[in-house]
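Below, all heavy atoms of this structure are taken into account, side chains as well, without hydrogens, waters or symmetry copies.
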Amino acid sequence: MVKTYRHESVLGFFKGMSFPMFSIAVVNSVLFGVYSNVLVALTATSHQERRGQPLNYTHVFIAGCTAGVLQSYCLAPFDLIKVRLQNQTEPRAQPGGPQPRYRGPVHCAATIFREDGPRGLFRGSSALVLRDTPTLGLYFLTYEGLCRQYTPDGQNPSSATVLVAGGFAGIASWITATPFDVIKSRMQMDGLRQGKYKGILDCVSSSFRQEGIGVFFRGLTINSARAFPVNAVTFLSYEYLLHAWE
């Protein structure tokens, strides 16, 4: 944090923010929409009816994993641009000084498209699928399990229960996701390094060989700190909107 502030000022902490702001509504609508509809297909019950009869945890996990796969491909280009901008550590351009490689998210997307073609925008998407498929299954499984544990039978969970369950679901998913997230981010940055890695397995083995097992848990603390409030609010919004529109 100190190095970022000294080198890039407070604006350095907001690099890559604009694309996630515009994409988050689409990505979450795909995630929660697929999850809810797969559960409907598996259980033949609506969201309100599911509170009256306990969900099968296998169905919850399958629905979460399915949502994770589809969300990954919607998220991939936005996540790639975010990671590239966040890893661009040059100070902000000064008049008459050298320009950074990417001048913003649109310029970043155009540069990747020009240099690598359409497939370049999906660099690291396989690692993203590996990250999100099991972790989002665990994400919804943790949430539904905690809600069931602390909600009387036949009742809807309270707002406090939803907030706590959503927060811990976020932390649980990031504990699982962080190793995959490290590999995903390295694969996404690989285009700047002239193909340092031959693929996901090469990235895993090379990272482990050079930096040890600890490399796969870099960022876990900050991911967990972010996950609790973000996912608590996300699930509260999800539950509130479903009840409001049913």
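A single hydrophobic cluster is seen to contain both Leu141 and Phe32, as judged by linkage of ILVMFWY side chains at heavy-atom distances under 4.5 Å, directly or through other members. Linking Ile, Leu, Val, Met, Phe, Trp and Tyr whenever their side-chain heavy atoms come within less than 4.5 Å puts Leu236 and Tyr238 in one cluster. Follow the hydrophobic side-chain contacts under 4.5 Å out from Phe61 and you reach Tyr35 in the same cluster. Both Leu136 and Val162 are assigned to one and the same hydrophobic cluster, defined by single-linkage of ILVMFWY side chains at heavy-atom distances under 4.5 Å. Put simply, Phe235 and Val27 are part of two different groups of oily side chains (I, L, V, M, F, W, Y) that touch within less than 4.5 Å, one to the next.
With no hydrogens or angles considered, no side-chain donor-acceptor pair links Thr176 and Ser173 at under 3.5 Å. Inspection of the Tyr139 and Asn231 side chains reveals an N or O donor paired with an N or O acceptor under 3.5 Å. For the residue pair Tyr240 and Ser159, no side-chain donor N or O sits within less than 3.5 Å of a side-chain acceptor on the partner. For the residue pair Glu115 / Thr111, no side-chain donor-acceptor distance below 3.5 Å is found, with atom types taken as modelled.
Checking side-chain atoms of Thr161 against main-chain N and O of Pro157 turns up no donor-acceptor pair under 3.5 Å. Using modelled atom types, no side-chain atom of Asp79 and backbone atom of Leu75 make a donor-acceptor pair closer than 3.5 Å. Formation of a donor-acceptor pair under 3.5 Å by the Ser206 side chain with backbone atoms of Cys203 is not found in this model. Using a distance-only test at 3.5 Å, with no hydrogens or angles considered, no donor-acceptor pair links the side chain of Thr151 to the main chain of Arg148. Side-chain atoms of His7 do not come within 3.5 Å of backbone N or O of Lys3 as any donor-acceptor pair.
In plain terms, the two heavy atoms of Ala76 and Gln188 that are nearest each other are O-NE2, 4.3 Å. In terms of heavy-atom proximity, Tyr73 sits nearest to Pro77 at O-CD, 3.8 Å. Taking each heavy atom of Asp132 and Ser72 in turn, the nearest pair found is CB-OG, 3.3 Å. For the pair Phe13 and Met1, the tightest heavy-atom approach, listed with the atom from each and the gap, is CZ-O, 3.3 Å. Among all heavy-atom pairs drawn from Ser126 and Ile200, the shortest one is CB-CD1, 3.7 Å. The shortest non-hydrogen separation linking Cys74 to Val30 is SG-CG2, 3.9 Å.
Going from atom SG of Cys147 over to atom CD of Gln155 covers 13.0 Å, rounded to the nearest 0.5 Å. The CG atom of Leu241 sits 10.5 Å away from the NE2 atom of His243 when rounded to the nearest 0.5 Å. Here CD of Glu211 is found 4.5 Å from CZ of Arg218. Values are rounded to the nearest 0.5 Å. Taken from OG1 in Thr178 to NZ in Lys184, the straight-line distance is 10.5 Å, to the nearest 0.5 Å. Atom NE2 of His59 is separated from atom CD of Glu144 by 13.0 Å, given to the nearest 0.5 angstrom.
Shown are Thr135, Leu138, Asp181; of these, the side-chain contact (heavy atoms from CB on, under 4.5 Å) with Trp174 is made only by Asp181.
When the shell of 6.0 Å around OH of Tyr150 is examined, it contains 12 or fewer heavy atoms from other residues, nucleotides or ligands.
In this structure, Ile222 and Arg226 have side chains that are not in contact, with every pair of non-hydrogen atoms separated by 4.5 Å or more. In this structure the side chain of Arg84 reaches within 4.5 angstrom of the side chain of Arg123, judged on heavy atoms. Residues Met189 and Ser185 are not in side-chain contact: their nearest non-hydrogen atoms beyond the backbone lie 4.5 Å or more apart. Contact annotation: the side chain of Asp202 never approaches that of Met187 to less than 4.5 Å [non-hydrogen atoms, C-beta and beyond].
Taking the six-membered ring where the residue is Trp, the centroids of Phe140 and Tyr57 are separated by 6.0 Å or more.
Under a 4.5 Å side-chain heavy-atom cut-off, the cluster of Ile, Leu, Val, Met, Phe, Trp and Tyr residues that includes Val230 has no other member.
Ring-plane geometry between Phe216 and Phe208 is classed as parallel, the angle between the planes falling under 30 degrees on a 0 to 90 degree scale with a further cut at 60.
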Kindly list each side-chain donor-acceptor pair under 3.5 angstrom involving residues 163-170, sequence neighbours excluded, with atom names and distances?
none

